[in-house]
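Worksheet: the structure to be examined is printed underneath.
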Protein chains: 4
Amino acid sequence: MATPQQPRRGDTRRRIQDVALELFAERGYEKTSLREIAEHLDVTKAALYYHFKTKEDILISITDDLARPVDELIAWAQSQPRTLATKQEVLRRYSDVLWGAAALFRFMQENQATVRELSIGESFRSKVSALNGLLTESESTLTAQVRSCTALFALHAGMFAMQGIEADPEEKRAAILEVALDLVAQAEAAVTA
Amino acid sequence: MATPQQPRRGDTRRRIQDVALELFAERGYEKTSLREIAEHLDVTKAALYYHFKTKEDILISITDDLARPVDELIAWAQSQPRTLATKQEVLRRYSDVLWGAAALFRFMQENQATVRELSIGESFRSKVSALNGLLTESESTLTAQVRSCTALFALHAGMFAMQGIEADPEEKRAAILEVALDLVAQAEAAVTA
Amino acid sequence: MATPQQPRRGDTRRRIQDVALELFAERGYEKTSLREIAEHLDVTKAALYYHFKTKEDILISITDDLARPVDELIAWAQSQPRTLATKQEVLRRYSDVLWGAAALFRFMQENQATVRELSIGESFRSKVSALNGLLTESESTLTAQVRSCTALFALHAGMFAMQGIEADPEEKRAAILEVALDLVAQAEAAVTA
Amino acid sequence: MATPQQPRRGDTRRRIQDVALELFAERGYEKTSLREIAEHLDVTKAALYYHFKTKEDILISITDDLARPVDELIAWAQSQPRTLATKQEVLRRYSDVLWGAAALFRFMQENQATVRELSIGESFRSKVSALNGLLTESESTLTAQVRSCTALFALHAGMFAMQGIEADPEEKRAAILEVALDLVAQAEAAVTA
DNA sequence: GATGAATGAGCATTCATTCAT
DNA sequence: AATGAATGAATGCTCATTCAT
């Protein structure tokens, strides 16, 4: 017999992560207090500490879960030939990853100053850097390098910063991806020319 | 008779702004306490309150000073014909503005979550939005709009996020500008075609 | 079939006491948390509550076990004639008791402020007081009384506080006992004189 | 014109030290919270932090003030010949110091476990050790060394632990000092013999 | 043009304890 | 014989802010 009164069973840990991410993304990491998180969940602050060692730990656990796909993408890309097709596929997949964990990446982008001092900062930076390395040929023109790099940032910015452009979200996402794909294509053209 | 002991006279207000911006940019707004700012200046916290009404006020005053050129740029652009040449000149001038007040814009970009809840948030957003409007033709392709928008973000990202690319700063800046100029050119081409 | 994995059977209660005493003596009562004790034993905090009603209860149970010999010593002494020989034998036996439960007495001595507010405080005080009464004749000189009292404290201090004196532990203990015996002898001499 | 309403002027720092020492000595360091101290003084916790950086800092400042005489005593003793007369004078002066800052030394003795982990622990130990060194000749009998050491502990114990002996405080103090003086005399006799 | 002294509200964290399972 | 999940109360500490001088 189910007791729908008691919210859920054993999923408190996940619920904490969900609420925390939501609040972190909305109001920022520092401005989100553990009291707030606890209140949203109708538990005490101490309950959070049963599940996580520190506030930072909550964030780390979220990142570990949600950023894994990026690692997989990097691993996959490293096993592929460094062709334009590969690079474009990286962008396509990265776009999917980004939209699949939009709240986390929004948080990362909007709290860079905070994140930089947290342990997840370094791992985030190194992932973006790795992706960049996969798109860019170091012997190509400076302009070409900037173009590849911009392709990546277009995807990032596209998630939240391009709200000025009014359009169906999926169409907009497709347009952004198209621009990004085009940028790496132009970058590649420069090198092969 | 000069008193070289006291470094400056009456410029405490400006010194507060300088130190505050430096710390805000480096460690984030929330994590920078007034105590820290005061200690860096070798005055008491109360002294800060003689010059500024609140912590947020310090930030506002900095923004007011440093973001004025953006307003001027927008005003200028609005008085010009909406040609490609104008748009490219906007990007060129914006690049100058950005690099002229790098610390402030870095701060804005890395503390978006915080800034959003502050009064400067809205004015910052509206400026970027206005610039965007000046670069974009609303009747053009979605892709074209994204391209213009990306041109702007390329300049933003270029200031700090493209550290993976090693090159002489000025050359890099020129390359970023070139990519941005090219993006609006492509956007324009789509509309005229 | 023996299961050498599980180190012991049913002796959890005793293991808790052992670990608790060790930690109480090393880091103090207040600074030793039940979490720490539980972690050292690889059980949960709740397990401690299966065996003991409260944190203080753990300490009480340790004291009950280890301080019994002191009660026996007092009882024995009370059944003996109040001669110098008896007093000296009390000191000899007390020295044994002290070294047989060194950790407990070290704890008592180093946590007096805490112990005073705990229920064991009173019983500890009254035991020391009883011993003192057995060594001291209330009608003798003030100086003589102090000497007897000092004999007792010499034994206490000797356990841990005389680390400045480098010597074989057993020899040192013997020397301390000798000084203590001498002190009661001098005290007694004053009274009989 | 005096305003007796406002308790005092600028002596808050000293009042904090006084109340803190009183409470530390009475209830122990860990069990004394900053809230309690603040309430006793009718100020807020934050006020304590205006005057001291941390809780430990309050204790350190007290110790620095009150333990200085011990340093002076050690310095004086080191400038004197290592005769019996010197040693006895050391004991006499030390007795004065001890009774002059009784609360602090009571605290030290009753909170050894706590003090050991605090920064003042080491400095306290080293002072007692230095005094011991001044009273003891390392080439003399083990028994003689123990006797000197015991002389010191008799003074310590005498402040609070000898409450079993009922007598006029000053007479008792004199008796304790006499026993201590006698102990070093006996120690010295052994060496010269 | 500043300081010294203080406050009120808040924060992350820890603790002893409870209880259904 | 023990655990998993949680609580209520407290702790040390920091912060932006105020105000009389």
Side-chain angles (χ1 to χ4, degrees), chain A residues 6 8-13 16 30-38 41-58, chain B residues 6 9-13 16 29-38 41-58, chain C residues 6 9-13 16 29-38 41-58, chain D residues 6 8-13 16 30-38 41-58:
Chain A
Q6 287 168 248
R8 265 130 275 176
R9 271 268 318 154
D11 60 347
T12 306
R13 198 188 141 91
I16 293 172
E30 336 260 358
K31 300 230 326 184
T32 302
S33 70
L34 295 188
R35 179 178 51 71
E36 267 177 293
I37 297 176
L41 289 165
D42 223 39
V43 296
T44 59
K45 273 185 292 172
L48 305 184
Y49 279 92
Y50 176 75
H51 294 281
F52 299 95
K53 251 175 41 203
T54 62
K55 184 184 181 183
E56 186 175 352
D57 224 53
I58 299 180
Chain B
Q6 290 167 244
R9 251 198 68 79
D11 60 348
T12 306
R13 199 187 139 90
I16 293 172
Y29 179 75
E30 333 262 357
K31 299 226 331 184
T32 302
S33 71
L34 295 188
R35 179 174 53 71
E36 267 178 292
I37 297 176
L41 288 165
D42 228 36
V43 296
T44 59
K45 273 185 291 175
L48 305 184
Y49 279 90
Y50 176 80
H51 292 283
F52 299 94
K53 247 175 50 204
T54 63
K55 183 185 183 184
E56 187 175 351
D57 227 53
I58 300 179
Chain C
Q6 288 168 244
R9 250 198 69 80
D11 60 348
T12 306
R13 200 188 138 89
I16 293 171
Y29 179 76
E30 335 260 358
K31 299 225 333 184
T32 302
S33 71
L34 295 187
R35 179 174 54 70
E36 265 177 294
I37 297 176
L41 289 165
D42 228 35
V43 295
T44 59
K45 273 184 292 174
L48 306 183
Y49 279 90
Y50 177 79
H51 293 282
F52 299 94
K53 248 175 48 203
T54 64
K55 184 184 182 184
E56 187 175 351
D57 226 54
I58 300 179
Chain D
Q6 284 168 247
R8 264 130 277 174
R9 270 273 315 159
D11 60 347
T12 306
R13 198 188 142 92
I16 293 171
E30 334 260 359
K31 299 227 334 184
T32 302
S33 70
L34 295 187
R35 180 178 50 72
E36 268 177 293
I37 297 177
L41 288 165
D42 222 38
V43 294
T44 58
K45 274 185 291 171
L48 306 185
Y49 280 92
Y50 176 75
H51 294 281
F52 299 95
K53 250 172 47 200
T54 62
K55 184 184 181 184
E56 186 175 351
D57 223 54
I58 299 179

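Chain letters run A, B, ... following the sequence lines, proteins first and then strands; every chain starts at 1.
- The phosphate of E/dA5 has neither OP1 nor OP2 within less than 4.0 Å of any side-chain N or O from D/T12.
- For the pair A/F52 CZ and E/dA12 C1', the computed distance is 16 Å after rounding to whole Å.
- The phosphate of E/dA6 has neither OP1 nor OP2 within less than 4.0 Å of any side-chain N or O from D/Y50.
- Here A/H51 does not reach the OP1 or OP2 of F/dG4: none of its side-chain N or O atoms lies under 4.0 Å away.
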Quick one: side chains of residues 48-56 of chain B, donor-acceptor pairs under 3.5 Å with protein atoms, not counting sequence neighbours, listed by atom name and distance.
| unit_1 | atom_1 | unit_2 | atom_2 | d |
| --- | --- | --- | --- | --- |
| B/T54 | OG1 | B/E56 | N | 3.4 |
| B/T54 | OG1 | B/D57 | N | 3.0 |
| B/K55 | NZ | B/Y29 | O | 2.9 |
| B/K55 | NZ | B/T32 | O | 2.9 |
| B/E56 | OE2 | B/S119 | N | 2.9 |
| B/E56 | OE2 | B/S119 | OG | 3.3 |

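- Listed by chain and residue number, C/E39 satisfy the salt bridge (charged side-chain N to carboxylate O under 4.0 Å, His left out) test with C/R35 (two or more places apart in sequence, or in another chain).
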For every nucleotide of nucleotides 14-21 of chain F, 5' to 3': is a protein heavy atom under 4.0 Å from its base (B), only from its sugar-phosphate (S), or from neither (-)?
BBBBBB--
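- Each of C/T44 and A/L48 was assigned the nucleotide of DNA chain F with the nearest heavy atom; the assignment lying further toward the 5' end belongs to C/T44.
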With both pairing distances under 3.5 angstrom for Watson-Crick or G-U wobble, and | for a partner in another strand, the correct string for DNA chain F is .||||||||||||||||||||
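- What separates CG of D/L41 from P of E/dA5 is a distance of 15 Å, to the nearest Å.
- Note that CG of D/L34 and CD1 of D/I58 are 5.5 Å apart. Values are rounded to the nearest 0.5 Å.
- Residue whose closest nucleotide on DNA chain E sits further toward the 5' end, between B/D42 and D/R13: B/D42.
- Applying the side-chain hydrogen bond (donor to acceptor under 3.5 Å, both in side chains) test to C/K31 and every residue at least two apart in sequence or in another chain returns D/E117.
- Between the CG atom of D/D11 and the C1' atom of E/dG4 there is a distance of 14 Å, rounded to whole Å.
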